[in-house]
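Structure, as structure tokens:
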Amino acid sequence: MKVLVATEKAFAPVAVNQIRLVTEAAGYGLALLQNYKDSSDLIKAVSDVDALIVRSDLVTAEVINAAKKLKIVVRAGAGYDNIDLAACTAHNVVAMNTPGQNASAVAELAFALMLYQARGGFNGKSGTELRRKSFGIHAFGYVGKHVAEIARGFGMDVYTFDPFVVEKDIKKYGVKVCITTEELYSKCQYISLHMPLNEKTKRSIGYDLLRKMPKNAVLVNTARKELIDEEALIKIFEERSDFRYLADVAPDCISIFEEKYKGRFLFTANKMGANTEEANLYACLASARQIVDFFKTGNDKFKVNK
Ligand code: 3PG
């Protein structure tokens with residue numbers, strides 16, 4: 001059995017070592033393709049592997065086609081919008097994710113962005129505090145729950161909207177429930193996005209929602225850039241000089257931001273949300289264990305394709 005770890009953005013060495021320990025203990029071979037630059041490198045590397053571990057790397061139909069022996073691909077992370085699930089299913093490849101394993105790292109980044117912005121990038125002038133500000137968590141999954149705990153620690157007034165989570169599971173975090181997205185966006189000066197990217201959520205954050213946000217609005221996006229209707233965001237930025245956008249992945253229209261809205265946005269260099277040693281370690285360990293368990297017992301608990 002051969003496992004390939006293919007990452008354009010490499011995991012911390014301590015995390016790769018955990019994959020090595022788990023796969024070696026199972027008697028499997030391990031190959032590494034780290035910091036590769038082109039999808040052709042991935043296409044070459046998958047030709048003889050039985051299992052594949054990736055991050056946000058694009059696992060396209062072309063990759064799946066080239067991986068003649070592949071039986072399982074694990075996205076070491078939460079969002080699997082980078083994997084062509086239909087191609088996996090068509091080739092009898094099981095696709096899995098490792099939900100929750102990197103959630104606290106992503107939640108911490110949301111607050112790093114908010115604090116940096118609230119203090120004006122530590123520019124020596126008076127900034128603002130997070131305490132007592134209204135904070136809306138759009139989707140209350142693993143990351144949303146970590147975000148709630150941190151926000152409560154900061155003394156924020158915390159709300160969420162998530163139609164898939166029952167009220168009592170939200171209230172035990174000391175978070176108030178909103179019945180609609182409109183209610184959440186109207187109430188909250190800060191909004192943090194934590195939903196997956198899919199056909200329903202793509203470009204779902206648009207003008208009608210954003211315009212409802214109170215004065216000095218801050219939209220925080222450590223999820224996916226495609227959730228945002230970028231034309232709507234630009235329209236809001238034109239209309240409201242009090243609006244800020246903080247994101248882990250820069251929008252496609254970054255040049256407009258750089259040209260016109262200096263000081264009102266913050267974009268990380270290279271999708272930093274899950275980039276901690278701990279998050280890498282947990283996600284890698286879970287990936288390796290899920291692969292071994294799948295081959296040894298058939299356990300497909302974290303399967304995401306039909
Ligand atoms: C996820 O979906 O788990 C995060 O977006 C992390 O992505 P990354 O592994 O590419 O940093």
Side-chain angles (χ1 to χ4, degrees), residues 3-16 18-19 32-39 41-42 51-60 63 73-85 88 95-113 137-147 162 192-202 204-205 220-228 246-252 267-291 302-305:
V3 180
L4 172 69
V5 178
T7 49
E8 276 182 303
K9 184 176 63 186
F11 288 122
V14 66
V16 179
Q18 281 303 321
I19 299 180
L32 301 179
L33 176 70
Q34 298 182 102
N35 302 312
Y36 66 93
K37 299 283 176 255
D38 197 89
S39 60
D41 300 330
L42 177 58
L52 174 63
I53 297 174
V54 293
R55 300 185 71 170
S56 291
D57 307 77
L58 291 182
V59 181
T60 59
V63 172
V73 51
V74 181
R75 193 286 189 237
Y80 45 88
D81 46 289
N82 53 318
I83 298 179
D84 188 328
L85 296 184
C88 288
M96 292 188 187
N97 66 348
T98 64
Q101 302 295 343
N102 57 20
S104 68
V106 178
E108 286 187 12
L109 184 80
F111 281 85
L113 294 172
I137 305 171
H138 193 159
F140 209 65
Y142 288 102
V143 184
K145 290 182 176 79
H146 279 281
V147 163
D162 192 327
S192 194
L193 305 178
H194 299 294
M195 64 283 236
L197 174 67
N198 55 44
E199 278 319 306
K200 284 208 178 95
T201 60
K202 197 173 185 175
S204 62
I205 310 304
V220 187
N221 184 2
T222 54
R224 293 288 183 272
K225 72 173 191 293
E226 294 87 350
L227 296 171
I228 311 286
L246 319 176
D248 193 16
V249 181
D252 292 334
F267 306 137
T268 64
N270 186 20
K271 197 165 182 245
M272 298 297 294
N275 246 0
T276 63
E277 280 186 0
E278 293 90 338
N280 288 177
L281 192 62
Y282 302 146
C284 283
L285 200 50
S287 303
R289 284 179 174 158
Q290 284 172 214
I291 287 170
F302 295 100
K303 184 175 174 184
V304 292
N305 58 330

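Computed from a predicted structure; not experimentally measured. Indexing begins at 1, ligand by ligand and atom by atom, following the structure's order.
Counting the atoms of ligand 1 from 1 in the order shown, those under 4.0 Å from a heavy atom of Ala274 are 6 (C), 11 (O). For ligand 1, the atoms lying closer than 4.0 Å to a non-hydrogen atom of Arg55 are 8 (P), 9 (O), 10 (O), 11 (O). Set against the non-hydrogen atoms of Lys9, the atoms of ligand 1 under 4.0 Å away are 8 (P), 10 (O), 11 (O). Close approach of ligand 1 to Gly79 is summarised as follows: ligand atoms under 4.0 Å from at least one heavy atom of the residue are 1 (C), 2 (O), 3 (O). Atoms of ligand 1 lying under 4.0 Å from any heavy atom of Ser56, numbered from 1 in the order shown and given with element: 7 (O), 8 (P), 10 (O). Within ligand 1, the atoms closer than 4.0 Å to a non-hydrogen atom of Gly77 are 3 (O), numbered from 1 in the order shown.
Closest protein heavy atom to atom 5 (O) of ligand 1: Lys271 NZ, 2.7 Å. Summary of contacts: the protein heavy atom closest to atom 3 (O) of ligand 1 is Ala78 N, 2.7 Å.
Results of the side chain to side chain contact (heavy atoms under 4.5 Å, CB included) test with Glu8 over Leu42, Asp57, Asn270 single out Asp57 as the only residue that passes. Each of Thr222, Val143, Asn221 was scored for a side chain to side chain contact (heavy atoms under 4.5 Å, CB included) with Leu193, with one residue passing: Asn221.
Note that the CZ atom of Phe11 and the CD atom of Gln34 stand 9.0 Å from one another [nearest 0.5 Å]. Rounding to the nearest 0.5 angstrom, the gap separating the CG atom in Asp252 from the CD1 atom in Ile228 is 11.5 Å.
Judged by distance alone, the side chains of Arg55 and Asn275 do bring a donor and an acceptor atom under 3.5 Å apart. For the residue pair Ser287 and Arg75, no side-chain donor N or O sits within less than 3.5 Å of a side-chain acceptor on the partner. Looking at Asp248 and Thr268, their side chains do bring a donor and an acceptor atom within 3.5 Å of each other.
Ligand 1 has Arg224 within reach: a non-hydrogen atom of the residue lies less than 4.0 Å from it. Heavy-atom separations between Arg75 and ligand 1 include at least one value shorter than 4.0 Å. Heavy atoms of Asn102 come nearer than 4.0 angstrom to ligand 1 in at least one pair.
Checking side-chain atoms of Thr201 against main-chain N and O of Pro196 turns up a donor-acceptor pair under 3.5 Å.
In terms of polar-atom proximity, Ala223 is not counted as a contact of ligand 1, lacking any N or O under 3.5 Å from an N or O of the ligand.
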